[in-house]
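Everything below concerns the one structure shown next.
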Amino acid sequence: MNKLSLVKTFGGAVTYLSDEYNDFDISSHKKEILKRIKDDPSDIVLRTAWETFLKGTRKCYKGSRLPRRPRIVYIWQAIDVETGEKYETISAFKLAQKLGVTESVIVNNRRDNRMVNSRYKIIRKKAQ
């Protein structure tokens, strides 16, 4: 297997560049690599290895650097209209178990602003 086909894969490019610079911290040798590519444009193997390395690291860093949206936690409440009792839980599933219905009934009735079993008013609040 020749070196050019080896460096077309990310693992092959990392191996080639780490052997070339005797160090696995390839990004720290960026200036040297770019200078060698500029000075010797006929070195296709080094250029291909560097481009493959950049493509592979961009995919890895792009996902890990983006900030994640914080997960919103809701408190689900069912208010009994007849007695005035309140049932509170953290999930719609647990509230559905308390009321003896399915989770989809709870979620859909809250969305459509309807009563569950003609008795319970469903409310969802953000937890602090």
Side-chain angles (χ1 to χ4, degrees):
M1 180 180 241
N2 61 9
K3 285 187 178 182
L4 185 59
S5 63
L6 178 70
V7 298
K8 287 185 179 180
T9 64
F10 181 71
V14 169
T15 303
Y16 176 78
L17 291 171
S18 64
D19 289 346
E20 196 76 22
Y21 291 97
N22 298 322
D23 188 10
F24 274 105
D25 191 12
I26 299 166
S27 300
S28 64
H29 301 288
K30 178 181 177 180
K31 289 182 182 178
E32 299 169 33
I33 294 170
L34 292 175
K35 187 173 185 273
R36 276 186 53 191
I37 291 172
K38 185 178 179 184
D39 291 345
D40 188 14
S42 63
D43 191 0
I44 297 170
V45 176
L46 179 66
R47 186 177 67 218
T48 307
W50 180 245
E51 289 171 356
T52 306
F53 174 76
L54 285 180
K55 285 179 187 174
T57 53
R58 280 190 192 134
K59 288 179 184 172
C60 294
Y61 288 135
K62 192 171 189 179
S64 62
R65 287 188 179 172
L66 293 174
R68 295 185 79 182
R69 285 179 48 194
R71 184 171 174 239
I72 300 171
V73 179
Y74 293 105
I75 295 175
W76 291 82
Q77 290 181 339
I79 301 170
D80 191 342
V81 178
E82 293 176 8
T83 62
E85 276 187 77
K86 284 187 181 180
Y87 302 98
E88 275 191 8
T89 59
I90 295 176
S91 68
F93 178 74
K94 290 181 182 177
L95 185 61
Q97 283 181 332
K98 282 186 178 181
L99 299 180
V101 294
T102 62
E103 180 182 7
S104 60
V105 169
I106 299 290
V107 173
N108 292 335
N109 286 353
R110 188 209 62 87
R111 183 193 63 214
D112 298 338
N113 201 18
R114 292 184 303 190
M115 306 279 274
V116 176
N117 295 339
S118 301
R119 184 173 176 172
Y120 300 103
K121 172 81 175 147
I122 306 298
I123 300 170
R124 184 184 75 178
K125 295 180 181 177
K126 285 186 183 179
Q128 273 81 16

Does any non-hydrogen side-chain atom of [Y] lie less than 4.5 Å from one of [X]?
{"X": "E88", "Y": "W76", "value": "no"}
{"X": "T52", "Y": "V7", "value": "no"}
{"X": "V101", "Y": "L95", "value": "no"}

Taking the inter-plane angle between the rings of F53 and F10 on a 0 to 90° scale, is it parallel (under 30°), tilted (30 to 60°) or perpendicular (over 60°)?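 Judged by the thresholds at 30° and 60°, the geometry between F53 and F10 is parallel.
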To the nearest 0.5 Å, what is the distance between [atom1] ([X]) and [atom2] ([Y])?
{"X": "I75", "Y": "K125", "atom1": "CD1", "atom2": "NZ", "result": "8.0 Å"}
{"X": "I106", "Y": "L99", "atom1": "CD1", "atom2": "CG", "result": "5.0 Å"}
{"X": "R36", "Y": "L46", "atom1": "CZ", "atom2": "CG", "result": "5.0 Å"}
{"X": "K55", "Y": "K8", "atom1": "NZ", "atom2": "NZ", "result": "10.0 Å"}

[X] [atom1]: over 12 foreign heavy atoms closer than 6.0 Å:
{"X": "L34", "atom1": "CG", "value": "yes"}
{"X": "F93", "atom1": "CZ", "value": "no"}
{"X": "K121", "atom1": "NZ", "value": "yes"}

Of the non-hydrogen atoms in [X] and [Y], which two are nearest, and what is the gap between them?
{"X": "D19", "Y": "N22", "result": "O-OD1, 3.3 Å"}
{"X": "E32", "Y": "Y21", "result": "OE1-CE2, 3.4 Å"}
{"X": "S91", "Y": "T89", "result": "O-OG1, 2.9 Å"}
{"X": "A49", "Y": "Y16", "result": "CB-CD2, 3.8 Å"}

Consider only side-chain heavy atoms of I, L, V, M, F, W and Y, link residues closer than 4.5 Å, and tell whether I79 and Y87 are in one cluster.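 Cluster IDs for I79 and Y87 differ.
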For residues L54 and V45: do they belong to one hydrophobic cluster (side chain heavy atoms under 4.5 Å, members Ile, Leu, Val, Met, Phe, Trp, Tyr)?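 Yes, L54 connects to V45 through the hydrophobic network.
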Under the criterion side-chain contact (heavy atoms from CB on, under 4.5 Å), I'd like the reasoning laid out for W50 against I26: C-alpha separation, chi angles, the key distance, then a yes or no. CA-CA 9 Å; W50 180 245; I26 299 166; 4.0 Å; yes
Could you please spell out the steps behind the side-chain contact (heavy atoms from CB on, under 4.5 Å) verdict for L17 and I33? CA-CA 9 Å; L17 291 171; I33 294 170; 4.3 Å; yes
Among R119, K98, K86, salt bridge (charged side-chain N to carboxylate O under 4.0 Å, His left out) partner for D80: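 That would be R119; it is the only one of R119, K98, K86 passing the salt bridge (charged side-chain N to carboxylate O under 4.0 Å, His left out) with D80.
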Would you sort out whether Y120 and M115 count as a side-chain contact (heavy atoms from CB on, under 4.5 Å), showing the intermediate values? CA-CA 5 Å; Y120 300 103; M115 306 279 274; over 6 Å; no
